[in-house]
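A short worksheet on the structure shown next.
Side chains are part of it too, since the values below use all heavy atoms of this structure and drop only hydrogens, waters and symmetry mates.
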Amino acid sequence: MSRILITSALPYINGVKHLGNLVGSQLPADVFARYMRARGNEVLFICATDEHGTPAELAAAAAGEPVADYCARLWQVQKDLADGFRLSFDHFGRSSSPENHRLTQHFAGRLADAGLISEVMEKQIYSPADGRFLPDRYITGTCPNCGYPRARGDQCENCTKQLDPTDLIEPRSAISGSTDLEVRETKHLYLRQSLMRDELRRWIGTKTDWPVLSTSIALKWLDDGDGLQDRGITRDLDWGIPVKRGNEEWPGMEGKVFYVWFDAPIEYIGATAEWAHATGRGEDGWQRWWRCDLGAADVRYLEFMGKDNVPFHTLSFPATILGANQDGREDWKLVDYIKSFNYLNYEGGKFSTSEGRGVFMDQALDILPADYWRWWLMSNVPEGSDSNFTWESFQAGVNKDLADVLGNFVSRVTKFAAARIGTEVPEGTYGPAEEAVIEELTRRLAAYEAAMDAIELRKASQELRAIWVAGNEYLQAAAPWTAVKTDPARAAAIVRFSLNLIRLYAVLSQPFVPDASASMLDALGIEDAHWPTDIGAALDMLATGAAFSVPDVLFAKIDDARREGFEARFAGAA
RNA sequence: GGGCCUGUAGCUCAACGGUCAGAGCAGAGCGCUCAUAACGCUUUGGUUGCAGGUUCGAAUCCUGCCGGGCCUACCA
C-alpha cells in the first residue's frame, strides 16, 4: 500500500466549465483516484475553485454581486456539478480560504527570506472610468501591424503579432470602452525564477517518465529566448490574498494582492489544510501529505492538467516549493508526476463559452447520466494529441460499448437466470470453459492494471472493454439456453459463473462508470467490491442461494433522432 | 518568425529497429435466439503523406518537401 496524493487543476470560478475542461483534469484525476483507492492505497484527492483575478471581479460585477458572494455561489454550482459527475474529491476547496491566505503569505515570506523576491517598479495601464488597472488583454485597439480594429493589448488575434498595450492605436478599455487611459507606476513583487533555472532544469531532467507534453513545454520555457523569466506575483486588485511577508506587513505593498497564479497552486496545499480542519484533523493531518520533514516523505504526488497549465506546474510552482525549501528548515513536497492532456475539440472546432458552442457540464448532466460522459470522454481522452467530440462518435461509443457490450451482458444473464433458473445464485461446478475464461481474464486484468498504473487511460478503457467482451464470448459458447434443456446442472454452473462475472465487472468498471457499477452490485445484493488478486477466486465470490434481482436497463441507447436534436441544440449561436 | 507534437484501413487509434502492420467502429456473409433488433464467428479494406538516405532489416532513425495541431510567458 502506498500513499498517493492526487490534485486536479483548479477550475476557474467564473462559470460552468465545458467538457473540454473536464476531460483534461478533474475527470482523469478522478478515474485514477478511484482506481488507486480500489487497489487499496491511501489516496488523498484534492481539488478546489480558483477564485481570484480580474475575470472573477468582472464576472461578479456583470452579475451585480459582491465578488465574495459571487464566488461563494459559483463554488456551490461547481461543487454540485462535480458531485453530479461523481468526482470523488476528498475535498473540494476554495482558493479564497483562510488556509490558503495563510499559506500563500507564508510561502511569499519564505521566498523573500531566500532572496528570491524582488520589488519592481513597473508601468501599467490604469483606467479611471473602470477604477482599476487593466491587464494587457483587457485593452483593445487597432493593431499597428495589420490594422485589425479589435486587437488585444497582449496580442493581435488577426495577425498574431505580440503587442504591448501602448502599441495600440486608439486604445480603449475592453470593459467600459473608455478611452481615458493613463500609464501609472506601480510596484510589484517578482519571483526570481530565473535564478532557479539550472536547478529546475536538473529536476525536469530526472522526469524521464513524464508525458512529452509535460517536459517539452517545461524545457521550452526554460530555454526559450533569454531563458526563464522572472514573474510578477502581485496585482493591483481588491479581491485576492493581501500581500504579506508571512505574518508581517510588507512595506510598500499595501492594498495589493497576490497574483492568482501564485496562490492557485498553493491552494492544493490550502485545500488539504481545509480538508484536515473540516474532518477534525490537526495541522499534522495535512502536513503529513505535504511536508517531507513531517511525514510526507513516502507520498507519491501526481498532478492532472490541460497543457495550458503545464508551465505553471513545471516551473513556477516548483520554483515556489524549491525556494521555500532552500534553507533546509522546511521540506515541502514536490510533484512526482505530471499527467498533462491536449485539448478536446467540439465537432471539429473549439468549445466556445462566449458563443455557447459545445456541451457544458450542467447541460451534459441534464440530458444524460454521468457514466455516459465519463466513459466516452475517458475512452477518447486527448492523451497523444487533440481529440474531437462529435455526437456521432459519442452516440456510437456509448451505444456500442456501454449498452450493447456491458449493459446487455448484465441484462441477458440476469433475465435468463431469473426466467429459467431462479433468482438465487445456483450451485455449480466450473469446467474447462470457465477455466479458459479465468485464464484469459487473468491476462487481461494484468494488462488493464498495467495501463491504469501508467495512467494510459485510453488503453485502459480498451482493456476494460475487452474484459466485458470476454463475457459475451463465453456466454455464446456456453449457451446456457441450450444446456437448460439438456443438462440443468450445467446450465446452473454457467449462470453461477456469469453472475460472478457481473460482480467482477462492477468492481473493475467502477473507476470509469461508478453509477452502473453500483447498480450491478446492488442487483447482486453484494457490498464486497474489493479488487481481485485471483480471478478464479473472484469468480466464485457469490454465495450459493443469495438472492439477486434483474436491474433496470443500465444504459439506454441514444437513438438517431435524439442525437440529431443534440447536434442542433449545442451548435451554438449562428 | 521560433519551438514542440503530428500525418498508419472509410472513421478513431495501436504497433515506440525485427515473425504475413493490429484493434474498435462502419461495410459484407454466416450463426445464435438468453438479451437493450442485442451477442458470437468469419470476412472486405493499408506501396504506413511524398522523395531520398542509414541499416542485414524502417511505419519506427536521419534529411528535404507537403499537410494538420499546439505553445510563444502577466486571462486564467
Where the side chain of A:Lys220 is defined as all heavy atoms beyond and including C-beta, which of B:rU72, B:rC41, B:rC4 is the nearest nucleotide?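 Output: B:rU72.
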
Listed nucleotide nearest any side-chain atom of A:Glu473, set B:rA73, B:rC41, B:rC13: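 Minimum distance to the A:Glu473 side chain belongs to B:rC41.
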
Tell me what [X] touches on the nucleic acid: a base, only sugar-phosphate, or nothing, going by heavy atoms under 4.0 Å.
X: A:Lys307; result: sugar-phosphate
X: A:Val469; result: sugar-phosphate
X: A:Gly227; result: base
X: A:Asp308; result: base
X: A:Pro135; result: sugar-phosphate
X: A:Tyr190; result: base
X: A:Asp386; result: sugar-phosphate
X: A:Lys557; result: base
X: A:Leu219; result: nothing
X: A:Ser385; result: nothing
X: A:Val553; result: base

Under 4.0 Å from OP1 or OP2 of [N]: is there any side-chain N or O of [X] that close?
X: A:Arg465; N: B:rC25; result: yes
X: A:Lys400; N: B:rC39; result: yes
X: A:Tyr259; N: B:rC75; result: no
X: A:Lys350; N: B:rC70; result: yes
X: A:Tyr343; N: B:rC71; result: yes

When the [atom1] atoms of [M] and [N] are compared, how many Å lie between them, rounded to an integer?
N: B:rU8; M: B:rG69; atom1: P; value: 14 Å
N: B:rG49; M: B:rC66; atom1: C1'; value: 7 Å
N: B:rC20; M: B:rU63; atom1: P; value: 29 Å
N: B:rU48; M: B:rC61; atom1: P; value: 16 Å
N: B:rU44; M: B:rA35; atom1: C1'; value: 29 Å
N: B:rU36; M: B:rG31; atom1: P; value: 23 Å
N: B:rA38; M: B:rA28; atom1: P; value: 14 Å
N: B:rA59; M: B:rC75; atom1: P; value: 47 Å

5′-ward residue of the pair A:Ala403/A:Asn380 relative to RNA chain B: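 First, find each residue's nearest nucleotide; the 5'-ward one identifies A:Asn380.
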
When the nearest nucleotide of RNA chain B is assigned to A:Pro55 and to A:Asp404 on a heavy-atom basis, which residue is associated with the more 5' position? A:Asp404

Under the criterion of centre distance below 5.5 Å and interplanar angle below 30°, is A:Trp481 classified as stacked on the base of B:rC34? yes

For A:Glu122 and A:Arg235, run salt bridge (charged side-chain N to carboxylate O under 4.0 Å, His left out): C-alpha distance rounded to whole Å, both residues' side-chain angles, the deciding distance at 0.1 Å, then the answer. CA-CA 11 Å; A:Glu122 56 185 34; A:Arg235 290 292 182 273; 5.7 Å; no

Any salt bridge linking [X] with [Y]? Criterion: basic side-chain nitrogen under 4.0 Å from a carboxylate oxygen.
X: A:Glu463; Y: A:Lys459; value: no
X: A:Arg132; Y: A:Asp238; value: no
X: A:Lys350; Y: A:Asp386; value: no

Quick check with a 6.0 Å cut-off and a 45 degree axis cone: is A:Arg374 positioned over the face of A:Phe512's six-membered ring?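 No, A:Arg374 and A:Phe512 do not form such a contact.
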
If we only count heavy atoms from C-beta on, is the A:Phe548 to A:Arg503 side-chain gap below 4.5 Å?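 A:Phe548 vs A:Arg503: side chains apart.
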
Minimum side-chain heavy-atom gap A:Glu51-A:Thr49 below 4.5 Å: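 A:Glu51 vs A:Thr49: side chains touch.
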
Residue matched to B:rC56 through Watson-Crick or wobble contacts both under 3.5 angstrom: B:rG18

With a 3.5 Å limit on both atom pairs, tell me what B:rA28 is paired to, counting Watson-Crick and G-U wobble, or say none.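 Paired with B:rA28, as far as the under-3.5 Å criterion goes, is B:rU42.
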
Has the side chain of A:Arg235 got a donor or acceptor that lies under 3.5 Å from a partner of the other kind on the base of B:rC74? yes

Taking atom types as they are modelled, is there a donor-acceptor pair under 3.5 Å from the base of B:rA73 to the side chain of A:Trp221? no

Integer-rounded Å distance: B:rA35 C1' and A:Leu501 CG: 15 Å

